[in-house]
Structure formats: structure tokens, C-alpha cells
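One structure is given below, encoded as C-alpha cells.
Order of the sequence lines fixes the chain letters, A, B, ..., with proteins taken first and strands second; residue numbering starts at 1 for each chain.
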Amino acid sequence: MAQSVKGTRDLFGNEMAWFQRIEDTARRVFARHGYEEIRTPVLEEIEVFKRSVGESSDIVNKEMYEFMDKGGRHVVMRPENTAGVVRAMIQHKLLINNDPKLLYYIGPMFRYERMQAGRYRQFWQIGAESFGVASPESEAESLLMLMAFLQELGLKHLSLSINSVGTSECRPAFHAAIRAFFQAREERFCEDCHRRIDTNPLRVLDCKSPGCQAALEGHPVITEYLDEASQRHHLRLKELLTALDVPFEENPRLVRGLDYYTRTAFEVLSSDLGAQSALLGGGRYDGLVKHLGGPEVPAFGWAIGLDRLAMLMQQLHGNAPLSPPALLIPLGEAAALKALLLARDWWSQGLAIQVETRGTNLKKALTSANRQGSKWALILGDGELEQGVVSAKDLSAGTQETWPLEEVPARLRG
RNA sequence: GCGGCUGUAGUUCAGUUGGUUAGAGCACUGGAUUGUGAUUCCAGGUGUCGGGGGUUCGAGUCCCCUCAGCCGCCCCA
């Protein structure tokens, strides 16, 4: 039997309903904040990611779906969408004036990784990017939107952690400090950390090994190595979040896997997700637009995992709430045509109604209606046709009443 | 990429130290009732035992390979 490719899956039924609800909520909330939707291609030239996400990152190193197309182009199925959005901004010259540009996206991403619950090779992200503003206020605005989104979904047990990873000017000093610290107690760190200290020293900070965490006691704190402007930036953001009642904790060991972050970096973790606890992450990436060949434009953004979000919603709220339509059941040929005529009229008025077109007997039609969760069964037989009514059966109550045809829309809405 | 576990009907699971025709609940299909579901009664397919190979007189059971999923690591959403 044919099967979906490893790490990919079909979305349908209840899970699809949650995806829809999450996406609807995102669009509604983001529109209020003035964000526009953008869709960029799944395929990008490999250079877009090598130059943005970073050659040393795991994503670029070992997790990309990359191949040569028939024209000999070296392409990649996007592992994330920030780089693609930046590429689009530059290509279409949308960042030539000084106006802020606020964008969001929803779509599938691809990473070739080992499967685990909540981690797929094709996964979905919703992201928001804000271009052209370097201020902590713009970060606060973006985070307020994020919080509103999470709140409207009714999510709980979430924690926002923030940190500053500084800029390319002040980070080398911190790298030196952390390396010196590491070398002084080298033997206490795990094998992975010995590798990390060369490739990406910041990552030593968030090693999960208890031995390493203990060895990190008294480690240099990055926020003490920030240049003055970054330090002011960081303090101001914390000040804003406090004044806006956005709960957060400062985590000096928070670092991120993508190379392009500057200054603010943050994550939201959920205690309800198991090992793959990262629900969303983001931060500032002031150098990326210029680095990809555009003007010098600051930017801030984040991305949230839709698959994990849907999983949380299911855990917290059970099945997605549905509004099951009514089922119109004609009995006999004359009624079958009349049912389509009536339904066309009701559909045009915006009613949700399904028509039983199989011509089966009433018993089977009612069984189907019950199984799919319909609220009403509207029975249209010879008797009803003659009198210009339907017999409306309330499937959960088991009661039945007679509705004149012209009252059906009002009663279904009621 | 590394380590561990699992795979039997649509689903949840039984299946004896290897033994002959592979089981149960729920679900499903038909009927009791050709205009009344969700309750009741009767009847019924429920199947490549994930796939391939091997050992054996004989494999759902043991061995190897492979595929898929789960858990942990790496990493991230």
C-alpha cells in the first residue's frame, strides 16, 4: 500500500480543524496590528540559507532537503521562512523607504531530521516579521501581538524567556570569555560541548547534560559583555515588558540555533509538550537584510510551530469545536429535486446545510447524520412536499417538529 | 546522525516452552422496521499477523535484513 513519505503526514479531521482555527485566529489578530500576509516559494536557492541561517548551523549542515533541479539549479526546500521573506523584500525593493514593513506568513517548512512526536520533516510554521525598526518598542509591539494570539487560543503553561546575544561587535569578547572559562574546567564538560566550544561557543550554555550545567556555575554572563547601546536596548525592552504586564524571565543561557540573531533573542516553551518543548522562538536580526544584499534595515521576528500548537490545543481543549450543518433528507424522486432547489436558495443565504443525495432510505440517512454530528435532520417526503414543510428532527434531543419551508433559515440560525 | 522499544481486523488489544481451521470488545455492513438515528435483537467480510529472507516436519511466535511508528540524545518548531 502506498504510504506518505517518512516524516510527512496528512492533515484531516479534528487536527485539520485545529489548524484552521489557529490560522483563522492568527490572521484576525495579525490584521489588527497591521501585518500583511506574504507567501514565498517553498524552493529557494541554497545560497539564501547558507548566507542567512549560517554555514555552521545544524540546519544548513545536515537538515536541508537539497537537490539539483532539471535545469541544474541547486535548490533547497525551505527549512525556515525568514530568509525567504528577506530575499523577497530585497528582490521586490520593498525596503527602499524608511517605513516599517510588517509581514506574516503561514506555510510548510522542511528539515531532514530523525522523527519524534511533535517533530516532523514537513512541519508548519506561522511567523511574523517586522522590518525597518530597531527600537525595543517595536519588539514589545511584536511580542504583544504574539501574546494576544496565544491568549485568544486559550493557551496555558507557557513561559517566555528572553536574552540578548549582543552584536557582532561585542560578541567576540564574550566568545573569548566563555572559551577561557571552558578551558579552565575542560574536563568537566561533555563530548558534545567540546565540539560546540569551537563551532558555536554560545551553545555550550544550554547543554542539557547535568554535568555541564553544574560545570557552568559562575559562567560569564553575556549581558555583562554587551556594548553600551545593546545594554540600553536590553534594559529598555525589559522595562517595557514589565510596564505592559507581559510576564517573562531573563535567561542568560538562552541562545538560538540560527546565526543571524542580534541583541534580543527569545523563546516560548511549553511544559505540556514533552521533549520537543520549544513552541516558538525568535529575535532581532539587524544584519540579515544587508547580508543578503539589501539595504541596511533592522528587523525582528518570530515563528511558531503549528503542529505543536495544534497538539497543545487538542490536549487542552479536546476536539476542535465544530458547527455541524443540518442534513436535508429527501424521500423519493420529486423530493430529491425539490431538496436541491431549496438547498440552493438556503446556501445563497449563507446557511450551512448538506443534502442527502444517495437516495437511501430514511434510516440510513439518519444514521449518517447522527454519525457525522449533524444538529438537525430535515426530512422532506411526500407529505411534507404537499404541505410545504419539513419535518425537523433534533438529533441530540430526539424530538421532532414541523417547520414551514420559509421559516427554515431563521430556525437553523436560531 | 547515535541509543532503546514497538508493529496481529477500521480501532483497542489477546494469542501458551514454535503445533495444525487466527481470537475478543468497540466500530463497520445487512436485516428485524420500504418514513425515524443514537437504545434492543439477529446475522455477517472483519486479516498479506508491517514487508522480505532464513532456521524448522511446522513460524504470529526464533534469527537476519528492511520499512514504519514511539521514546531518549543531537537540534529545533
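With 3.5 Å as the limit, one finds no donor-acceptor pair spanning the side chains of A:Glu129 and A:Tyr35.
A:Arg114 contributes no side-chain N or O that forms a donor-acceptor pair with the base of B:C76 under 3.5 Å. Scanning atom types as modelled, no donor and acceptor separated by under 3.5 angstrom connect the side chain of A:Gln3 and the base of B:G69. Judged by atom type and distance alone, A:Glu267 does not reach the base of B:A77 through any side-chain donor-acceptor pair under 3.5 Å.
Salt bridge annotation for A:Arg121-A:Glu113: absent, with no cationic side-chain nitrogen under 4.0 angstrom from a carboxylate oxygen. Remark: A:Glu407 engages A:Arg411 in a salt bridge, criterion side-chain N to carboxylate O under 4.0 Å.
In this structure, A:Ile304 and A:Leu362 both approach RNA chain B, and ranking their closest nucleotides by distance from the 5' end singles out A:Leu362. The 5' end of RNA chain B is approached more closely, in terms of each residue's nearest nucleotide, by A:Gln400 than by the other of A:Leu280 and A:Gln400.
A:His317 and A:Trp18 have tilted rings, their planes meeting at an angle from 30° to 60° on a 0 to 90° scale.
We find that CD of A:Gln116 is positioned 14 Å from P of B:C76, with the value rounded to whole Å. The nearest whole Å value for the distance from the OH atom in A:Tyr120 to the P atom in B:A68 is 16 Å.
The ring of A:Phe123 lies on top of the base of B:A77, close enough and flat enough: under 5.5 Å between centres, under 30° between planes.
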Might you list the N or O atoms of the protein lying below 3.5 Å from N or O atoms in nucleotides 38-42 of chain B, with each pair's distance?
from: B:A38; atom 1: O4'; to: A:Asn370; atom 2: ND2; distance (Å): 3.1

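At the heavy-atom level, A:Arg111 lies under 4.0 Å from base atoms of the strands shown.
The aromatic ring centres of A:Phe182 and A:His219 sit 6.0 Å or more apart.
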Seminar exercise, completed: Pairing string of RNA chain B (Watson-Crick or G-U wobble, both atom distances under 3.5 Å; | = paired to other strand) is (((((((..((((.....[...))))((((((.......))))).)...(((((..]....))))))))))))....

